[in-house]
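These notes concern the structure reproduced below.
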Amino acid sequence: MIVTAHGKLNLSLDVLGRGEDGYHALRSVMHTVAFGDDLDVELTRDGSFTIDPGQSYLPADGRNLAVKAARLFLEGTGLGANIRVVKRIPVCAGMGGGSADAAAVLRALNALTGRGLSLQALAELGAQVGSDVPFCVTEGAALAEGRGEKLTPLPSLPACAIVLCKPAFSISTPELFARIDRRRSRLHPDTAGMIAALEEGDLAGVARRSFNVFEDVLGRRGSGIAAIKSALTEMGALGAAMTGSGSTVFGLFDDGEAARRAWEALAGQYQECWLTRPWSGGQA
Ligand code: C5P
């Protein structure tokens, strides 16, 4: 069975505090994009698990989140899975690539085995694999709270164009959380305002409120992120921000031609740039 694993963006991302377990309470407006990995998933009768992760530098064993998800779903059934990934979502980029693959595997195995779990039940399983997996199971737009597993569905973005640009460096997620813990004062995104703008179908209102608290603690890498954000807004983006723990930056455009020009201009400077649009959920 072939399924698509859509990438995610954090249109806004707030960190509220650190819990006893070391995990952080988040508040993030998340959205899937029409851009992702393709996975070919088949069941094995002998209970074996294999993965072709699509890139030589990705784990090809049980450390891969797609395999973790498959093992969890098939536990106790005697079945295994062969998984082949066509990797397009940038790796260590804040777009939830590993989580999206895990979620796609859960959806595929649910169909292949005929188990018929609800999306809610699949999302709960996914939470055991990674904090972003539940959202990647449900897709579309949602407010994510808790570790990221408490999801409230939101209206999708109005039709728009999205330019993605990942600078050459990657950023470690645990390191950024540690920096957040050490910081005293903090700017917060206007999450309620962004939700209201989504409810009104007000793209400019959403874009204007795009903000990620991690942008505040990037240190010397901040200038690289700021340069892409400025380029995007100068070329017509209504708003731009870093997604997740970076380093991908997105810009939201109401003008498809302006988005194409921005994508072309950035692609001349950065190796990893994409032009896409919002994905409001449902299988491709
Ligand atoms: O859950 P996941 O494995 O995706 O998280 C990766 C790392 O990100 C965790 O080990 C933790 O350091 C950090 N994290 C966190 N708070 C969250 C989600 C992730 O501190 N809500």
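Just so you know, ligand 1 is whichever comes first in the structure, and atom 1 is the first atom listed for that ligand. Both backbone and side-chain heavy atoms feed into the values below; hydrogens, waters and symmetry mates do not. Remember, predicted model here, so these are calculated numbers, not experimental data.
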Handout entry: Atoms in ligand 1 with a heavy atom of L26 nearer than 4.0 Å
Key = 21 (N)
Handout entry: Salt-bridge contact D101-K87 (side-chain N to carboxylate O under 4.0 Å)
Key = yes
Fill in the blank from the handout: The protein heavy atom nearest to atom 18 (C) of ligand 1 is S131 OG, 3.5 Å
Practice task
Considering non-hydrogen atoms only, spot the tightest contact between P167 and I225 and give its length.
Solution key: CG-CD1, 4.1 Å
Problem - Non-hydrogen side-chain atoms of R209 and S12 separated by less than 4.5 Å - result: no
Completion exercise
Within 4.0 Å of some non-hydrogen atom of G22, the atoms of ligand 1 are 20 (O)
Practice task
Among all protein heavy atoms, pick the one closest to atom 7 (C) of ligand 1 and tell me residue, atom and distance.
Solution key: T173 CG2, 4.4 Å
Practice task
Provide, to 0.1 Å, the distance between atom 16 (N) of ligand 1 and the closest protein heavy atom, together with that atom's residue and name.
Solution key: H24 N, 2.8 Å
Problem - F49 six-ring face occupied by R71 cation (under 6.0 Å, within 45°) - result: yes
Practice task
Please name the pair of heavy atoms, one in N10 and one in T243, separated by the smallest distance, quoted to 0.1 Å.
Solution key: N-OG1, 3.0 Å
Practice task
Identify, for atom 11 (C) of ligand 1, the protein heavy atom at the shortest distance, and state residue, atom and that distance.
Solution key: Y23 CE2, 4.3 Å
Practice task
Among V249, L9, L266, find the residue that satisfies the side chain to side chain contact (heavy atoms under 4.5 Å, CB included) test when tested with L164.
Solution key: L9
Practice task
Under 4.0 Å, heavy atoms only, figure out whether ligand 1 is touched by the backbone of F177, its side chain, both or neither.
Solution key: side chain
